[in-house]
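Report on the following structure.
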Amino acid sequence: MTSIQVYPAIDMKGGKCVRLYQGDYKQETIYGDSPFDMAKKFADEGATWIHLVDLDGAKDGEKIHANEVIRIAKELPVSVQIGGGIRSKEDVSYYLNNGVTRVIIGSLAIAKPELVAELLEEFGGERIVIGLDAKDGMVATHGWLETSSQSAIEVGQYFATKGAKHVIFTDIATDGTLQGPNLAANKELAEATGLSVIVSGGISSLEDLGEVAKLAKDTTISGVITGKALYNNRFTLTEALQEVTKW
């Protein structure tokens with residue numbers, strides 16, 4: 001069993017690196033003026049993946065930070081996954097043809113599931129990742145500003161039948177709070193869908209990372225996204241990468 005993948009997160013808003021509290025656009029903290037410089041720092045510390053989120057894009061429904069994303073993908077020795085503002089096949093093709101490894105489909109998975117099934121068929125489950133952001137188990141969309149009537153498990157199961165391999169599961173109640181991840185919800189999603197689950201939201205300590213890594217031994221959990229804890233110096237990326245190899 002290889003150790004789980006650690007994805008340092010860079011959330012982009014207004015050209016800067018920010019973090020939101022529970023997805024609230026009014027509760028933001030700015031952590032850097034340059035997403036590229038932040039990504040380079042993570043790469044220098046050993047990151048092999050960078051998790052990018054275009055917050056402006058998620059809210060407005062278009063690719064606001066595409067130039068920055070592509071620069072990171074092309075100029076740094078890391079794999080990049082990007083979410084936020086991806087609303088069409090053209091958006092997906094644009095990123096995948098310009099050095100991005102994976103595109104995260106969130107709102108579109110709820111709004112146009114048939115289109116996402118087509119994307120999975122065309123580009124494959126390694127390149128199209130389903131992003132499930134949930135409030136009390138129900139999927140939220142459009143930068144978390146709207147909640148759908150579908151559960152994360154229902155959506156995950158549907159896309160598993162359409163060729164999805166990876167899902168990023170964010171529990172909105174814990175995101176940006178540094179209160180620990182919702183391990184039970186992630187475990188339930190992994191067991192119900194069989195998908196490779198990337199845990200997102202609430203990571204506050206090396207102990208949290210260890211708990212995810214332990215859970216991954218017996219489930220299809222494969223990775224963990226961490227943002228605020230890195231920016232608040234709870235631990236370094238180097239320490240995080242070392243922690244997940246212990247289990």
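In what follows, every heavy atom counts, from backbone to side chain, and hydrogens, waters and symmetry copies are set aside. Throughout, residue positions are numbered sequentially from 1 according to the sequence presented. Nothing here was measured: the structure is a model prediction, and the numbers come from that model.
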Is the closest side-chain donor-acceptor distance between [X] and [Y] under 3.5 Å?
{"X": "Ser3", "Y": "Thr245", "value": "no"}
{"X": "Thr174", "Y": "Gln22", "value": "no"}
{"X": "His166", "Y": "Gln81", "value": "no"}
{"X": "Tyr31", "Y": "Asp11", "value": "no"}

Is the side chain of [X] donor-acceptor paired with the backbone N or O of [Y] at a distance under 3.5 Å, no angle test?
{"X": "Ser93", "Y": "Glu90", "answer": "no"}
{"X": "Arg102", "Y": "Ile82", "answer": "no"}
{"X": "Thr238", "Y": "Glu45", "answer": "yes"}
{"X": "Arg234", "Y": "Leu178", "answer": "no"}
{"X": "Asp24", "Y": "Lys26", "answer": "yes"}

Test side chain to side chain contact (heavy atoms under 4.5 Å, CB included) on Val6 and Thr226 and set out the steps.
CA-CA 7 Å; Val6 176; Thr226 179; 4.1 Å; yes
Around atom [atom1] of [X], are there more than 12 heavy atoms from other residues, nucleotides or ligands closer than 6.0 Å?
{"X": "Glu239", "atom1": "CD", "value": "yes"}
{"X": "Glu28", "atom1": "CD", "value": "yes"}
{"X": "Asp136", "atom1": "CG", "value": "no"}

So, for Ala164 and Ile130, which heavy atoms are closest and what is the spacing to 0.1 Å?
CB-CG1, 4.0 Å
Between [X] and [Y] (salt bridge meaning N to carboxylate O under 4.0 Å), is one present in this structure?
{"X": "Asp44", "Y": "Lys40", "value": "yes"}
{"X": "Lys13", "Y": "Asp56", "value": "no"}
{"X": "Glu118", "Y": "Lys162", "value": "no"}

Assign the ring pair His51 / Tyr7 to parallel, tilted or perpendicular, where the plane angle (0 to 90°) is split at 30° and 60°.
perpendicular
